[in-house]
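Chain letters run A, B, ... following the sequence lines, proteins first, then strands; residues in each count from 1. Here the structure is a predicted model, which means the values were calculated and not measured.
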Amino acid sequence: MKDYEFRKIEEKWQAKWVANKTYHVEEDETKKKFYVLNMFPYPSGAGLHVGHPLGYIASDIYARFKRLQGYNVLNPMGYDSYGLPAEQYAIQTGQHPEKTTFQNIDRYREQLDKIGFCFDWDREVRTCAPGYYQWTQWAFQKMFNSYFCTVAGKAQPIADLVAHFETKGTEGITASCSEEPCFTAEQWQAMSELEKSQTLMNYRIAFLGETMVNWCPKLGTVLANDEVVEGVSVRGGYPVEQKKMRQWCLRVSAYAQRLLDGLQTIDWSDSIKETQKNWIGRSEGAEVQIKVADSDAEFTIFTTRADTMFGVTFFVLAPESELVAQLTTQEQKEAVEEYLTYVKSRTERERMIDHTVTGVFSGSYGINPITGEKCPIYIAEYVLSGYGTGAIMAVPAHDSRDYAFARHFNLPIIPLVEGADVTEESYDAKEGIVMNSPMEGKSSLNGFSLNGLTIKEAIEATKKFVSENGLGRVKVNYRLRDAIFSRQRYWGEPFPVYYKHGVPCMIPEECLPIELPQVENFLPTESGEPPLGNAQLWAWDEANKKIVDKALVNDETIFPLELNTMPGFAGSSAYFLRYMDPNNSNALVDEKVAEYWQNVDLYVGGSEHATGHLIYARFWNHFLFDLGVSKKAEPFQKLINQGMIQGRSNFVYRIKDTNTFVSFGLKDKYDTTQIHVDVNIVKNDVLDLEAFKAWRPEFNTAEFILEDDKYICGWAVEKMSKSMFNVVNPDMIVERYGADTLRLYEMFLGPLEQSKPWDTNGIDGCHRFLKKLWQLFWDKDGNLQVEDAEPSADNMKTLHKLIKKVSADIEEFSFNTSISAFMVATNELTAQKCHNREVLKQMVTLLAPFAPHMAEELWEAIVGEGSVCDAQWPAFDDKYLVEASVQLGVQFNGKVRFSMQFPSEATPEEMIQMATSAPEAQKYLEGKQIVKAIAIPKRIVNIVIK
RNA sequence: GCCCAGAUGGUGGAAUUGGUAGACACGAGGGACUUAAAAUCCCUUGACCAUUGCGGUCGUACGGGUUCGAGUCCCGUUCCGGGCACCA
């Protein structure tokens with residue numbers, strides 16, 4: 001017997017890997033590349049719990065597997081160390097974020113190192129390091145100096161746009177923009193610098209915009225749409241208000257179509273693609289110009305149901321629309337103002353939850369361009385200013401919201417679909433035959449009629465009619481908003497921007513990075529004054545190209561710097577490119593290096609980033625692709641979303657007003673209070689009574705009512721958190737069972753992509769497996785027992801069954817089933833008393849991705865040289881496995897089965913031939929008729945007889 | 001409300017994608033070794049009936065259907081999870 005001394009083994013190999021630089025990676029043209037990436041962590045103060053490494057272990061197994069298959073594998077790791085979570089932790093603990101961030105990083109590294117990952121730490125990046133965020137700032141400047149050309153479908157230099165303005169004004173401009181201004185070359189040339197700057201902001205991909213933003217007073221900053229859920233901030237759950245503010249924004253909306261199309265080229269789960277599709281929210285429809293009766297005014301509505309133009313009975317404007325003031329008549333002025341006051345008093349959250357019908361008549365009428373009819377224009381909060389044109393045509397018969405509004409204000413409802421009953425509710429479905437378009441006896445523009453068409457035909461016909469008759473145009477709208485890119489916080493990348501007489505100017509590229517200045521008071525403010533306002537050394541000397549004291553600001557050469565910082569997603573949007581070439585100070589990534597690594601082949605991380613990071617990173621990379629910096633438009637080819645590890649909490653039951661605790665099975669006989677108990681003093685739901693007494697002073701004198709001499713705890717699945725006492729620390733598991741057991745057990749727990757509770761009970765099974773495998777190599781005196789004889793057929797069958805299973809399972813990220821296969825194979829080899837060197841060597845190679853420490857140790861024992869990391873992944877040969885069963889399905893009479901062997905190259909026809917002529921089959925087939933015969937190669941022949 | 005994914009023993013989960021349901025592991029029960037404990041090993045473990053005999057019946061949320069054959073495919077229902085949500 002030789003004990004499996006996992007602590008010694010793991011320490012030994014972790015040291016060797018560092019000393020030999022085993023996981024150091026260089027570009028190597030002779031090998032095919034494979035890029036594995038984990039979503040890098042933000043180092044929180046709590047350290048890692050057992051759920052965090054799940055994805056890292058999965059990607060580590062895959063990375064090691066690919067390496068054994070001969071790929072040059074890049075598997076880097078770093079820290080997302082700027083942004084709200086890091087800063088909130090610092091504020092809560094009353095320390096400077098720089099200090100806590102570095103402490104937390106050290107703690108993370110220590111914990112990660114114990115698990116035995118194959119990260120190339122020479123490539124580590126930290127988003128808060130100047131050498132890193134230099135390129136975040138650089139990319140921002142590139143976005144500032146670019147616009148999105150809708151014809152080319154890509155970013156182009158803003159200088160091209162300026163040149164166009166110089167000669168032709170806005171005529172023939174095809175650029176994504178916030179508003180569509182109209183000016184001539186002369187008008188452009190007459191503009192002041194400030195006016196030109198403001199005009200160009202309409203087009204720049206990174207731009208200053210005066211928009212409605214999500215303002216969170218408690219966090220003292222604005223937030224992006226994905227950082228707000230149900231009217232509260234994702235971080236901390238604080239209320240969020242809508243506020244108009246001047247902020248840096250990224251024109252993500254310009255890339256909406258490309259982000260949508262790109263989804264078809266990548267290998268992501270359907271659910272996450274679906275989430276992104278919903279978030280981008282493409283809808284195809286028509287914009288129609290509506291003239292206002294007795295006025296010169298006009299407005300534009302957006303509709304996806306152009307076919308319902310004949311059913312319009314009123315129009316609705318969003319309360320925030322600029323047209324509201326213009327279209328309100330004298331008589332209605334008071335009512336409208338009262339309504340606007342009411343709308344303003346409502347928070348975002350209230351508007352979301354409460355959908356009662358409200359609105360007010362503006363006094364004006366709009367003219368339906370097809371029927372010529374006058375319809376009242378209302379103002380109502382159910383129409384949103386941010387989507388489409390902020391104005392709609394209301395068709396109560398076929399839209400449930402319009403219907404509710406019409407019922408409330410007693411407006412007419414005209415059904416347009418044959419057989420649709422609209423007396424109780426609207427008919428919203430897009431199926432049916434159109435009628436009343438126009439109504440009998442009524443006329444329409446150019447005799448236009450939709451009657452008799454299906455709704456789908458009618459939509460197309462109306463869109464065509466509207467654009468051909470100059471009433472409007474076909475338009476695609478997206479729900480995807482431009483990203484708010486400013487934060488009124490300290491712990492983030494500073495903007496490389498200064499303001500010269502109010503005009504934002506970029507700091508010259510060669511002066512980057514602009515480093516985050518030290519400040520005494522970095523706390524956010526409820527009024528939104530950015531903490532960088534407290535920095536003394538924070539002004540730009542344009543002549544000498546350096547940062548100077550802000551007291552020196554003057555009108556000629558020294559200007560104030562931007563006080564906002566960038567949001568958390570800035571640094572995490574292009575980090576995968578930086579890993580390729582992390583120390584390059586001349587470029588984000590060297591041309592040749594980028595050419596070699598291309599993009600990420602496998603990206604592993606949580607699905608909670610679906611509408612945040614995974615949209616921003618795609619957008620950012622599409623932009624860098626336009627610049628030629630990134631070599632693939634899509635950054636992450638395959639995405640795996642590991643499930644969340646939940647906590648499994650345990651409870652004890654205290655009888656009210658006593659210090660007596662009753663076991664789970666008996667608790668219903670008493671009036672009890674349920675109390676969380678630390679899962680680390682419970683084993684298989686049985687409470688360790690002594691440990692419980694020692695746990696907290698008040699339980700010192702506790703008494704117990706037991707069942708079967710045991711105290712059984714209740715349990716529930718909850719979020720893993722300190723307050724539930726269900727946090728399990730990986731360090732503790734590694735100490736008790738070793739890293740290899742932890743790695744195995746995390747994978748054995750269940751399918752990778754599924755959320756599941758952590759339950760330390762059960763880990764023994766994985767530990768036992770490693771011990772059993774270990775014992776295969778040593779005799780009872782502890783000497784190596786390996787021989788070089790010819791392996792038996794059984795040995796080879798077991799081995800190749802395993803090779804086949806494990807190879808297939810790893811490709812499908814089905815690690816739990818491959819571990820089961822290992823357990824079966826180990827039991828079989830033990831029963832076969834297999835000590836064959838070649839068989840064991842291949843077994844060790846298969847094990848290497850899962851339990852690398854043990855694999856190295858055993859490799860050293862039986863091979864004697866090199867590292868198992870440089871071994872070759874065993875090839876599967878099915879000649880050892882050929883066997884199939886024949887089933888004879890006897891109609892109405894049950895089934896008969898027997899086994900027989902087929903050559904592996906047998907075709908289905910040959911298999912049927914062989915099966916039917918086999919003597920075993922003959923006795924069933926005699927006098928019967930074959931109804932159907934099916935053969936699945938190498939598996940089964942199924943013959944149905946009658 | 002719309003869209004997506006799912007429901008299998010006491011528990012986590014397998015099932016060659018339409019072919020012996022419950023692999024593997026945990027837990028539980030019984031036994032061996034041991035002064036004892038730990039560790040290890042062996043047997044039983046979906047339910048019910050039979051168990052001095054090979055065995056039988058029912059079973060993959062529920063109700064139907066297709067098929068020689070359904071956990072798997074189709075229709076309907078219930079429940080849980082995720083996304084979007086006055087998006088016109």
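Closest to the side chain of His355(A), from the set C86(B), G13(B), A88(B), is C86(B). Side-chain proximity of Arg479(A) to the nucleotides C84(B), A14(B), A88(B) is greatest for C84(B). Of the candidates C84(B), C24(B), C86(B), C24(B) carries the atom nearest the Val824(A) side chain, counting heavy atoms from C-beta on. In this structure, the nucleotide among C26(B), C4(B), A88(B) sitting nearest to the side chain of Phe302(A) is A88(B). Of the listed nucleotides (C26(B), G13(B), A25(B)), A25(B) has the atom at the smallest distance from the side chain of Met823(A). When distances are taken from the side chain of Asn278(A) to each of G13(B), A25(B), C84(B), the shortest belongs to C84(B). When distances run from any side-chain atom of Glu381(A) to the nucleotides C26(B), C86(B), C24(B), the shortest one goes to C86(B). Comparing A14(B), C3(B), G27(B) by their closest approach to the side chain of Asn684(A) singles out G27(B).
As judged by a 4.0 angstrom heavy-atom cut-off over every strand, Leu749(A) is placed among residues touching the sugar-phosphate backbone only. Among the atoms of the strands shown, base atoms are found under 4.0 Å from some heavy atom of Val383(A). Asp270(A) comes within contact range of no nucleotide atom at all, as no heavy-atom separation falls under 4.0 Å. Within 4.0 Å (heavy atoms only), Asp759(A) reaches no atom of the nucleic acid at all. Using a 4.0 Å heavy-atom distance criterion, Pro757(A) is classed as making no nucleic acid contact. Nucleic acid contact for Lys771(A): sugar-phosphate only, since backbone atoms but no base atoms lie under 4.0 Å from a heavy atom of the residue. Using a 4.0 Å heavy-atom cutoff across all strands shown, Asp809(A) reaches no nucleic acid atom at all. Within 4.0 Å (heavy atoms only), Lys772(A) reaches sugar-phosphate atoms of the nucleic acid but no base atom.
The side chain of Thr611(A) contributes no N or O atom lying less than 4.0 Å from OP1 or OP2 of G83(B). Between Tyr387(A) and A88(B), a side-chain N or O to OP1/OP2 separation shorter than 4.0 Å is present. Distances shown here put a side-chain N or O of Gln754(A) below 4.0 Å from the OP1 or OP2 atom of G13(B). Dashed line: the shortest gap from a side-chain N or O of Arg768(A) to OP1 or OP2 of U40(B) is under 4.0 Å.
The NZ-P distance, from Lys756(A) to G81(B), rounds to 19 Å in whole Å. Remark: C1' of G1(B) and CG of Asp402(A) are 16 Å apart, rounded to the nearest angstrom. One can place CG of Asp428(A) at 19 Å from P of A85(B), the figure rounded to the nearest angstrom. Here the P atom of nucleotide G10(B) and the CH2 atom of Trp715(A) are 13 Å apart, to the nearest Å. Taking atom CG on Leu744(A) and atom P on C26(B), their separation rounds to 13 Å, with Å as the unit. Here G13(B) presents its C1' atom at 8 Å from CZ of Phe748(A), a figure rounded to the nearest Å. Following rounding to the nearest Å, Asn650(A) (CG) and U11(B) (P) show an atom-to-atom distance of 16 Å. We find that NE2 of His767(A) is positioned 13 Å from C1' of A38(B), with the value rounded to whole Å.
The glycosidic torsion of G30(B) lies more than 90° away from 0, placing the base in the anti range. Taking the O4'-C1'-N9-C4 or O4'-C1'-N1-C2 dihedral as appropriate, U17(B) has a value within 90° of 0 and is therefore syn.
Of the two residues contacting RNA chain B, namely Asp764(A) and Ser755(A), the nearest-nucleotide position lying further toward the 5' end is that of Ser755(A).
A distance of about 8 Å separates the C1' atoms of G69(B) and G18(B), rounded to the whole Å. On the C1' atoms, U72(B) is 11 Å away from A21(B), given to the nearest whole Å. Atom name C1', nucleotides G46(B) and G10(B): the rounded distance is 10 Å, in whole Å. Nucleotides C54(B) and A61(B) are separated by 36 Å at their C1' atoms, to the nearest Å. Rounded to whole Å, the C1' atom of G12(B) lies 13 Å from the corresponding atom of A23(B). Rounded to a whole angstrom, the distance from the C1' atom of G30(B) to that of G53(B) is 23 Å. Spacing between G59(B) and U8(B) at atom C1', rounded to whole Å, works out to 10 Å. Comparing G22(B) with A5(B), their P atoms are spaced 28 Å from each other, to the whole Å.
Under a cutoff of 6.0 Å and an axis angle of 45°, Arg479(A) and Trp279(A) form a cation-pi pair. A cation-pi contact, defined as under 6.0 Å to the ring centre and within 45° of the axis, links Lys2(A) to Trp778(A).
Across the strands present, U40(B) finds its partner in A32(B); the criterion is a Watson-Crick or G-U wobble pair with both atom distances under 3.5 angstrom. Judged by Watson-Crick or G-U wobble contacts below 3.5 Å, the nucleotide U66(B) has no partner. For U57(B), the paired nucleotide is A47(B), the pair qualifying as Watson-Crick or G-U wobble because both relevant distances are below 3.5 Å. Nucleotide G12(B) is matched to C24(B) when pairs are restricted to Watson-Crick or G-U wobble geometry with both distances under 3.5 angstrom. Base pairing of U72(B): no nucleotide in any strand meets the Watson-Crick or G-U wobble criterion (both distances under 3.5 Å). Base pairing annotation: G1(B) forms a Watson-Crick or G-U wobble pair with C84(B), both donor-acceptor distances under 3.5 Å.
Under the 6.0 Å cut-off for aromatic ring centres, Phe299(A) and Phe315(A) qualify, their centroids lying closer than that. In this structure, Tyr382(A) has its ring center no closer than 6.0 Å to that of His355(A). Aromatic ring centres of Tyr737(A) and Tyr745(A) lie farther apart than the 6.0 Å criterion allows.
Salt-bridge check for Arg7(A) with Glu735(A): passed, with a basic side-chain N closer than 4.0 Å to an acidic carboxylate O.
A donor atom on one side chain and an acceptor atom on the other are not found under 3.5 Å apart for Asp226(A) and Thr611(A).
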Criterion side chain to side chain contact (heavy atoms under 4.5 Å, CB included) on Leu639(A) and Asp267(A), from CA distance to verdict
CA-CA 6 Å; Leu639(A) 176 70; Asp267(A) 188 9; over 6 Å; no
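Although no hydrogens or angles enter the test, the distance criterion places no donor-acceptor pair under 3.5 Å between the side chain of His398(A) and the main chain of Asp428(A).
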